Every structure is written in C-alpha cells, then in structure tokens.
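Structure record follows, encoded as structure tokens.
Since the model is a prediction, treat every value here as computed from it, not as a measurement.
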Amino acid sequence: MNRFEFKETPISGLRIIKRHQIKDDRGFFERVFCQDNFSTFSAKPIKQINHTSTLGKGSIRGLHYQLPPFAETKIVTCLRGEVWDIAVDLRRDSPTFLQYYSVLLSGKNFTSFLIPEGFAHGFQTLTPDCELLYLHTENFSSDAERGLNALDPLLEIEWPEEITNRSSKDENHAFLASDFPGVSF
C-alpha cells in the first residue's frame with residue numbers, strides 16, 4: 001500500500017502530501033515520513049524535527065527561511081487544531097517569484113506541506129491550541145536565519161483571520177524593497 005499521495009501545486013516544487021491511514025475500530029495508524037518516498041524531493045536527509053504549540057486563534061508564526069548553505073526543505077504537519085499554512089517563493093529566477101501558496105493543515109485532514117529550499121514559510125492558527133511538526137533537511141543556523149514581514153504589502157497576503165498575536169521578532173522584519181532581488185538557491 002502506498003502511504004503517501006503527492007499533489008503538485010501551481011508553484012513549482014511545492015507539494016501537498018496526503019497521508020493514507022490504516023483504520024480499524026481502535027483508531028488509525030499512519031506513516032508521517034519515509035525517506036524512500038521523500039528522497040525524490042530532496043537529496044538531503046532529514047536532520048532536525050521540531051514541534052510547536054501555538055495557543056491562540058489568529059496567531060501568526062513566520063515567515064521564516066534560511067540562506068544557503070543552510071537552506072532547507074521542510075515537511076510541515078499539523079497534529080492538533082487547524083492552520084492556514086503558507087509558502088512564499090523567494091527563488092530569484094522563478095516565474096512565481098514572491099507569489100505565495102497556502103494549504104489548510106489540520107489534525108484531522110491527514111495532509112502535510114512539502115516546502116523546498118527557496119521558500120519562506122509561516123502559518124496562521126484558525127483554531128486555538130494548535131500543534132505542528134516540522135521535518136527539516138538542515139540544522140538551524142542563527143547566522144543564516146532570515147524572515148519576511150507577514151504584513152508586507154509587496155506580498156499581498158490575505159490572512160484568513162484577524163491577526164491576534166505575532167512575536168516581536170516577526171513584527172520587526174522590515175518590509176521588502178521593490179527591488180528585492182530574491183535568493184539564489
């Protein structure tokens with residue numbers, strides 16, 4: 001049985017992953033990751049797994065990315081609650097440069113988001129008490145860490161909920177200049 005279905009999105013490289021469960025009267029079993037299935041999308045192995053908890057509805061985390069050589073592919077999964085997950089294309093020569101794509105992730109829809117190198121990532125909670133699991137192909141590097149302001153008018157992101165909370169670090173990311181060159185990956 002194939003445990004994963006990979007769906008293309010309108011932005012090259014971004015994929016939605018539907019996880020297939022084995023269900024019975026006890027509940028279900030599902031595989032969240034298998035290197036054999038994911039090696040097609042990244043030559044790098046998973047190096048780090050992070051788990052977040054965001055308590056309030058309307059909270060935004062992101063938009064975060066790392067510069068090369070610490071650029072990373074991420075696989076994002078919502079374990080509890082519901083989030084509007086978003087990736088912004090930062091690839092300098094991409095035809096979808098600075099465009100975003102979003103997907104609904106929840107603890108009930110068995111969906112993950114595969115975000116390759118070259119994208120900023122963030123999410124907004126649509127329910128209180130959300131937990132996400134992130135798989136990363138690179139270790140965190142504070143020197144390579146960068147972020148976009150989630151309210152940047154150049155990105156034209158229409159957040160689905162009223163924004164109730166952001167970290168001061170995320171709020172203080174400067175808006176992009178109109179000549180932002182993107183990132184070479």
Task: Passing candidate, side chain to side chain contact (heavy atoms under 4.5 Å, CB included) with Asp85, options Thr77, Leu104, Val103, Ile16 - done: Val103
TODO: Hey, could you give me the CG/CD distance between Asp89 and Gln99, rounded to the nearest 0.5 Å?
DONE: 7.5 Å
- [ ] Determine yes or no for a side-chain-to-main-chain donor-acceptor pair under 3.5 angstrom, with Trp159 supplying the side chain and Phe123 the backbone.
- [x] no
Open item on the list: Any side-chain to backbone donor/acceptor pair from Gln124 onto Ser59? Under 3.5 Å, distance only.
Closed with: no
Open item on the list: side-chain contact (heavy atoms from CB on, under 4.5 Å) for Arg91 and Val183? Distances and angles first, verdict last.
Closed with: CA-CA 5 Å; Arg91 300 170 296 179; Val183 181; over 6 Å; no
TODO: State, to 0.1 Å, how close Gly182 and Phe97 come at their nearest heavy-atom pair, and which atoms those are.
DONE: CA-CE1, 3.4 Å
Task: Main-chain N/O of Pro181 paired with Arg92 side-chain donor or acceptor, under 3.5 Å - done: yes
Task: Enclosure of Asp93 CG (heavy-atom neighbours >12, cutoff 6.0 Å) - done: no
TODO: Hey, can you tell me if Trp84 and Tyr100 have their rings parallel, tilted or perpendicular (30° and 60° cut-offs)?
DONE: perpendicular
- [ ] Say whether, by atom type as modelled, one donor and one acceptor occur between the side chain of Thr73 and the main chain of Thr137 under 3.5 angstrom.
- [x] no
Open item on the list: Minimum heavy-atom separation for Glu138 and Pro69, please, with both atom names.
Closed with: OE1-O, 3.8 Å
- [ ] Would you give the length of the straight line joining atom CG of Asp152 to atom CD1 of Ile157, rounded to the nearest 0.5 angstrom?
- [x] 8.0 Å
TODO: State the CD1-NZ distance between Ile46 and Lys74, to the nearest 0.5 angstrom.
DONE: 12.0 Å
Open item on the list: Please identify which of these residues, Leu14, Val88, Ile11, Thr9, meets the side chain to side chain contact (heavy atoms under 4.5 Å, CB included) condition with Thr96.
Closed with: Ile11
TODO: Give me the one residue out of His173, Glu171, Arg166 that meets side-chain hydrogen bond (donor to acceptor under 3.5 Å, both in side chains) with Asn149.
DONE: Arg166
Open item on the list: So does Thr111 get a backbone contact from the side chain of Arg19, meaning a donor-acceptor N/O pair under 3.5 Å?
Closed with: yes
Task: Salt-bridge present (Glu162, Lys57; N to O < 4.0 Å) - done: no
Open item on the list: I'd like to know if the side chain of Ser167 and the backbone of Asp170 have a donor-acceptor N/O pair within less than 3.5 Å.
Closed with: yes
- [ ] Supply the atom-to-atom distance Leu67 CG to Ser184 OG, rounded to the nearest 0.5 angstrom.
- [x] 11.0 Å
Task: Over all atoms of both residues, closest heavy-atom pair of Ala177 and Leu154 - done: O-CD2, 3.7 Å
TODO: Return the minimal non-hydrogen interatomic distance between Gln66 and Glu145, and the atom names on each side.
DONE: CG-CA, 4.4 Å
Task: Separation of Ser112 OG from Arg15 CZ (nearest 0.5 Å) - done: 14.0 Å
Task: Heavy-atom closest contact (Tyr101 atom, Pro10 atom, distance) - done: CE1-CD, 3.3 Å
Open item on the list: With salt bridge (charged side-chain N to carboxylate O under 4.0 Å, His left out) as the criterion, how do Lys47 and Glu72 come out once you've worked through the C-alpha distance, each side chain's angles and the decisive distance to 0.1 Å?
Closed with: CA-CA 10 Å; Lys47 287 189 175 181; Glu72 59 192 348; over 6 Å; no
Open item on the list: Using every non-hydrogen atom in the two residues, find where Pro160 and Leu126 come nearest and quote the distance to one decimal.
Closed with: CG-CD2, 3.7 Å
Open item on the list: In terms of relative ring orientation, are His136 and Tyr134 parallel, tilted or perpendicular, with 30° and 60° separating the classes?
Closed with: parallel
Open item on the list: To the closest 0.5 Å, what do you measure between CG (Leu63) and CG (Leu155)?
Closed with: 7.0 Å
